There are 2 protein chains.
Amino acid sequence: MPEPDIGDYPAPHVAVDVAVLTVLPTDELAVLLHRRTGDRSGQWALPGRFVRPRERLADAVAIALQEKCGLHTRELRGRAPHQLHLFDDPDRDDRGWVMSAAHLLGLPCSLLQDVIRSRDDLQLAPIADERARVSGQRRLPYGQDEIVRYAVVDIRERYRKEPDPEGLLEDRQFTLAELLAVHVAVLDEDWQVDTFRRHMLPMLADTGEVSTGRPGRPAAIYRRIAAAARHGNTTAERR
Amino acid sequence: MPEPDIGDYPAPHVAVDVAVLTVLPTDELAVLLHRRTGDRSGQWALPGRFVRPRERLADAVAIALQEKCGLHTRELRGRAPHQLHLFDDPDRDDRGWVMSAAHLLGLPCSLLQDVIRSRDDLQLAPIADERARVSGQRRLPYGQDEIVRYAVVDIRERYRKEPDPEGLLEDRQFTLAELLAVHVAVLDEDWQVDTFRRHMLPMLADTGEVSTGRPGRPAAIYRRIAAAARHGNTTAERR
DNA sequence: CCTTGTTATCGCATCATCGCGTTAACTCTA
DNA sequence: TAGAGTTAACGCGATGATGCGATAACAAGG
């Protein structure tokens with residue numbers, strides 16, 4: 001799109017907003033919310049921040065999560081935020097013309113709870129009807145309910161097709177029951193075990209290890225096969 | 001994402017790029033390319049342009065198509081560009097820090113050909129292997145091959161699921177054979193007629209009219225049922 | 001060693017989908 | 001009016017997917 005007059009126009013500020021999704025120990029999908037530090041009456045919102053000069057969106061997401069939520073390399077390494085949508089309502093922010101690049105990032109609850117435990121400016125809000133359920137607050141500001149909805153629809157679509165694409169399991173090696181529990185939590189619907197097994201096994205590698213320590217046949221331990229290593233998609237992804 | 005210091009940072013320029021996809025009379029998927037007017041040796045590129053102050057992305061897309069390609073209300077009315085991805089490589093444009101909001105818009109070929117016929121700065125490039133095939137030009141500039149790929153993957157996914165979601169058919173009323181031809185062209189693979197009929201009929205309304213003028217049983221004429229009017233998705237969209 | 005409990009596998013009935021040959025419906029033309 | 005041609009519908013065999021009861025495998029504990 002060659003166009004010489006780049007300097008002639010003001011530019012929009014671009015912010016990143018992040019729907020950090022996780023699965024609570026109660027097997028509910030939840031989203032991370034943040035409010036202004038020290039402001040107990042402040043509004044809960046998705047974490048985010050403006051993009052700095054020449055900064056990549058993914059880097060802005062990571063820095064936003066570091067600055068606002070105390071999530072650092074330990075939690076974020078090896079994870080890439082998934083871009084959802086660019087929200088462009090020029091009136092969405094009182095301070096000026098801001099576009100919001102909405103993202104989704106999945107994190108295991110165990111990584112979040114350490115961080116959240118010691119702070120009152122963070123919470124995990126359960127998802128109900130594709131929205132964050134926040135006690136005492138009807139809606140998220142800046143149209144962020146829409147971002148949550150995009151994130152929930154997106155993550156559910158992906159969890160129908162492949163095993164734990166957002167890495168919500170704490171461990172990279174897991175049993176089929178653990179995988180199923182996460183999928184059921186994300187999708188908010190049950191899967192029959194045999195059907196689930198048939199869908200997922202082609203995308204999983206048996207580690208050869210088993211889970212012991214309790215009565216019963218030990219469950220096999222699996223890890224995900226990288227998508228690139230798989231040949232073709234499952235039939236569910238074709239017509 | 002409340003943050004007080006909006007004025008403190010330079011902002012990226014945001015451009016829109018549009019992959020206008022159509023189906024050629026040869027039943028091939030093609031993308032609209034533009035080059036600088038009067039420059040026969042200029043590079044072919046996707047149409048696009050910078051977003052003006054407080055302009056909506058969809059409006060920027062429409063204006064870009066008007067200014068660069070001569071597509072006006074007649075062609076664009078009732079059509080919404082589909083957002084694909086925000087490309088954020090700060091080095092993607094020599095003129096400065098530019099982000100590109102990539103879009104997809106489907107248009108019937110008949111609407112494009114009137115416009116293109118009289119100009120040498122527009123062409124419809126066939127798609128092969130998810131790329132635009134341009135004679136004498138190996139790649140599109142500004143990483144636009146990636147935009148084309150996103151657009152092709154996206155449109156194919158949607159054409160697997162619902163009838164003519166991008167309105168590539170010239171008419172809003174059509175026969176099943178016409179619909180099938182468009183789907184086969186987009187997906188670049190065949191569908192057995194009965195299977196196609198079973199998939200699409202639940203999302204189509206029989207107009208009661210038939211197509212006459214040639215030997216044989218007249219084909220029924222359908223129109224799409226608006227998605228909102230349909231109750232639930234087809235089973236293909238569930239597991 | 002036996003019982004309990006859990007996971008994995010299996011066999012199979014049922015249901016859904018697909019593709020194709022056949023039949024029915026309905027136009028156009030000679 | 002009959003034949004040709006095209007679309008729509010049907011019947012059905014083959015295939016695939018699902019769910020579930022039964023069985024096998026294998027641990028922990030008494």
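The chains referred to below are lettered A, B, ... by the order of the sequence lines, with proteins before strands, and numbering in each begins at 1. As the structure is a computational prediction, the values presented were derived from the model and not from experiment.
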Problem - Phosphate contact (C:dT17 OP1 or OP2) by B:R198 side-chain N/O below 4.0 Å - result: no
Handout entry: A:H103 to A:V16 - nearest heavy-atom pair and separation
Key = CE1-CG1, 3.9 Å
Fill in the blank from the handout: Picking from D:dC20, D:dC12, C:dC28, the nucleotide nearest the side-chain atoms of A:D194 would be D:dC20
Problem - Separation of D:dG21 C1' from A:Q192 CD (nearest whole Å) - result: 11 Å
Handout entry: With A:S135 via side chain to side chain donor-acceptor pair (under 3.5 Å) - residues at least two apart
Key = none
Practice task
Answer yes or no: does a side-chain N or O of A:T195 lie under 4.0 Å from OP1 or OP2 of D:dG19?
Solution key: yes
Fill in the blank from the handout: Test side chain to side chain contact (heavy atoms under 4.5 Å, CB included), reference A:L84, set A:I155, A:D154, A:V18, output is A:D154
Exercise for the section: Output all residues satisfying side chain to side chain donor-acceptor pair (under 3.5 Å) with B:D145, sequence neighbours left out; order by chain, then residue number. Expected result: B:R131
Problem - Value in whole Å for how far the P atom of C:dC20 lies from CZ of B:F196 - result: 17 Å
Exercise for the section: Write down the distance between CZ (B:R197) and P (C:dT17), rounded to a whole number of angstrom. Expected result: 17 Å
Practice task
Write down the atom of B:L140, the atom of B:A132, and the distance for their closest heavy-atom approach.
Solution key: CD1-CB, 4.3 Å
Handout entry: Basic-acidic side-chain contact under 4.0 Å: B:E28, B:R133
Key = yes
Handout entry: Interatomic distance, B:E189 CD vs C:dC18 P [rounded to whole Å]
Key = 13 Å
Practice task
Indicate whether OP1 or OP2 belonging to D:dA17 is found under 4.0 Å from a side-chain N or O atom of A:H199.
Solution key: no
Exercise for the section: Run the salt-bridge test on A:R35 and A:D121 with the 4.0 Å N-O cut-off and return the result as yes or no. Expected result: no
Exercise for the section: Using atom CG of B:D190 as one end and atom C1' of C:dC18 as the other, report the distance to the nearest whole Å. Expected result: 14 Å
Practice task
Specify the residues of residues 213-221 of chain A, ordered by number, for which at least one heavy atom lies under 4.0 angstrom from an atom of DNA chain D.
Solution key: A:G213, A:R214, A:P215, A:G216, A:R217, A:P218
Indicate every side-chain donor-acceptor pair of residues 146-153 of chain A with a distance under 3.5 Å to a residue at least two apart or in another chain.
residue: A:E146; atom: OE1; partner: A:R149; partner atom: NE; Å: 3.4
residue: A:E146; atom: OE2; partner: A:R149; partner atom: NH2; Å: 3.0

Show every donor-acceptor pair shorter than 3.5 Å between a side-chain atom in residues 74-81 of chain A and any protein atom, with sequence neighbours excluded, or say none if there are none.
residue: A:E75; atom: OE1; partner: A:H72; partner atom: N; Å: 2.6
residue: A:R79; atom: NE; partner: A:E75; partner atom: O; Å: 3.4
residue: A:R79; atom: NH1; partner: A:G106; partner atom: O; Å: 3.2
residue: A:R79; atom: NH1; partner: A:E166; partner atom: O; Å: 3.3
residue: A:R79; atom: NH1; partner: A:G167; partner atom: O; Å: 3.1
residue: A:R79; atom: NH2; partner: A:G167; partner atom: O; Å: 3.2

Handout entry: Rounded distance (Å) that lies between atom P of D:dA17 and atom CG of A:L201
Key = 14 Å
Fill in the blank from the handout: Expected list for residues 174-182 of chain A near DNA chain D, using heavy atoms below 4.0 Å, is none
